[in-house]
Amino acid sequence: MDHLTWIVVLIVILALGFDFINGFHDTANAIATSVSTRALTPRVAIILAAVMNLVGALMYTGVAKTIGGKVTDPFKLEHGLTVVIATLIAAIIWNLITWWKGIPSSSSHALIGALAGAAVASEGWNGINYGGFSTIVLALVLSPIIAFIMGYIIMFVLKHVFANASPRYVNKGFRTGQILTAALQSFTHGTNDAQKAMGIITLALVSAGIQDHLEVPLWVKVSAALAMALGTSVGGWKIIKTMGTKIFKIEPINGFSADLGSAAVIFSATLTHLPVSTTHAITSSILGVGAAKRFSSVRWDTAGRIVVAWVVTIPIAAVLAALIYAVLSLFH
């Protein structure tokens, strides 16, 4: 293989590595509430999440095209492959740091921020497609707010509907319902998150001149979906603990409401081809549910630490990617 082909192979390996890490980093999004309420055992929950992640990842490509062409123009990048390598290394480093610390930060924020930072380092500020980038950032900002509202509304309605029902009856019914919402949450996670690696690989293929369009090849879809599913099967227990126990004490009706609210937000974003953070969506939905249950029951100090991680992820990933690009550019 020639030099260019080796670089593309390296990018594919890095992108699938990112997807694998994304899988175990974000497993908690789909199963934390169902595990914490004992609706599912950890092993069954992870298998369910892995399977539904795989199914979801194979069904949609709109988000991949957004990632591949809306942050920066792959047809105009002079050193597009170096940009992609710097993006992936920076996003992987940040994901591993936050996973190790048990912080449910956003893989989406890390990837978008890193791509923007590497593009600016390569092309200057003209390297950013501001229209597309601002739309993506707006979706990333608004989605947790909408998820909070959705979680609050669903919990508020269910709380009043079942106000006079037997707690034992309610818990049993919603513990069963959580199996369905966990599956739905995992499916929507696959429809959105797995496509981000697909988009990065496609961007690399275009930059290398291997293809001249942003359609995602079948082999890219299958490999990214499998990497995400395998990562999900590993699980991210530190983050599961934070999501499932440290925000507030979750009961089956709360977990059902949180999963349903976040899944609705994520799938709506997928249908409009917008990448959103599944981490933000489920965490915000849990916060909304907790606020509807009893405002004082939410551990707002833990929530505040999570929000700080959200805010700093894009700029940190951007700076990290720019620095990595600067180092890699020495070998041009």
Side-chain angles (χ1 to χ4, degrees), residues 8 11-12 14-16 18-19 22-23 26 53-77 80-81 83-88 91 106-119 122-123 127-143 187-229 265-278 280-281 314 317 321:
V8 173
I11 288 172
V12 171
L14 285 172
L16 296 181
F18 171 81
D19 232 3
N22 192 352
D26 290 356
N53 257 321
L54 177 64
V55 173
L58 290 172
M59 291 187 65
Y60 296 90
T61 59
V63 173
K65 294 176 184 176
T66 298
I67 295 291
K70 291 296 181 68
V71 177
T72 187
D73 188 344
F75 298 100
K76 295 181 180 178
L77 289 176
L81 296 180
V83 167
V84 174
I85 292 173
T87 296
L88 289 168
S106 168
S107 298
S108 304
H109 279 208
L111 192 65
I112 298 300
L115 181 55
S122 174
E123 307 292 325
I128 297 292
N129 179 351
Y130 287 100
F133 182 66
S134 60
T135 300
I136 292 171
V137 171
L138 184 63
L140 290 171
V141 170
L142 290 180
S143 56
F187 173 79
T188 58
H189 178 266
T191 67
N192 203 282
D193 266 31
Q195 291 187 56
K196 290 153 191 171
M198 297 181 200
I200 287 292
I201 294 173
T202 304
L203 190 156
L205 295 175
V206 171
S207 296
I210 295 173
Q211 67 180 51
D212 59 1
H213 53 80
L214 290 173
E215 292 296 328
V216 182
L218 178 61
W219 70 267
V220 173
K221 288 198 287 186
V222 172
S223 57
L226 287 173
M228 172 77 73
V265 171
I266 295 166
F267 195 57
S268 297
T270 296
L271 293 178
T272 53
H273 301 173
L274 288 172
V276 294
S277 168
T278 54
H280 288 205
I314 286 182

Where at least one partner belongs to residues 199-218, residue pairs that pass salt bridge (charged side-chain N to carboxylate O under 4.0 Å, His left out), sequence neighbours excluded: K65-E215
What I'd like to find out is whether the side chain of I136 reaches to under 4.5 Å of the side chain of K70, using heavy atoms alone. yes
With a 4.5 Å limit on heavy-atom distance, are the side chains of Y60 and N192 in contact? no
Supply the atom-to-atom distance L77 CG to T72 OG1, rounded to the nearest 0.5 angstrom. 4.0 Å
Roughly how far apart are I200 CD1 and I67 CD1, rounded to 0.5 Å? 6.5 Å
Is there a side-chain contact between T61 and K221, using heavy atoms and a 4.5 Å cut-off? yes
Quick check for you: to the nearest 0.5 Å, what is the distance between L140 atom CG and H280 atom NE2? 7.5 Å
Interatomic distance, T188 atom OG1 to N53 atom CG [nearest 0.5 angstrom]: 8.5 Å
Show the nearest heavy-atom pair for residues A64 and Q195, with the distance to one decimal. N-OE1, 3.1 Å
Determine which pairs satisfy salt bridge (charged side-chain N to carboxylate O under 4.0 Å, His left out) with at least one residue from residues 196-208, sequence neighbours left out, and list them in order. D193-K196
Heavy atoms of G80 and S207 approach each other most closely as CA-OG, 3.8 Å
When every non-hydrogen atom of A139 is compared with those of L274, the smallest separation belongs to CB-CD1, 3.9 Å
S134 side chain to Y130 backbone, donor-acceptor under 3.5 Å: yes
Is any side-chain heavy atom of I201 closer than 4.5 Å to one of W219? yes
Are any non-hydrogen side-chain atoms of V84 and L115 less than 4.5 angstrom apart? no
With rounding to the nearest 0.5 angstrom, report the CG to CG distance, L205 to L81. 9.0 Å
Closest heavy-atom contact between A281 and I266? CB-CG1, 3.8 Å
Could you tell me which non-hydrogen atom of T202 sits nearest to which non-hydrogen atom of P217, and how far apart they are? OG1-CD, 4.2 Å
For A225, enumerate each residue passing the side chain to side chain contact (heavy atoms under 4.5 Å, CB included) test, keeping only those at least two apart in sequence or located in another chain. L54, A57, L58
Work out which heavy atom in A119 is nearest to a heavy atom in G127; give both atom names and the distance. CB-O, 3.9 Å
Between CG on residue D73 and CG on residue L203, distance to nearest 0.5 Å: 9.0 Å
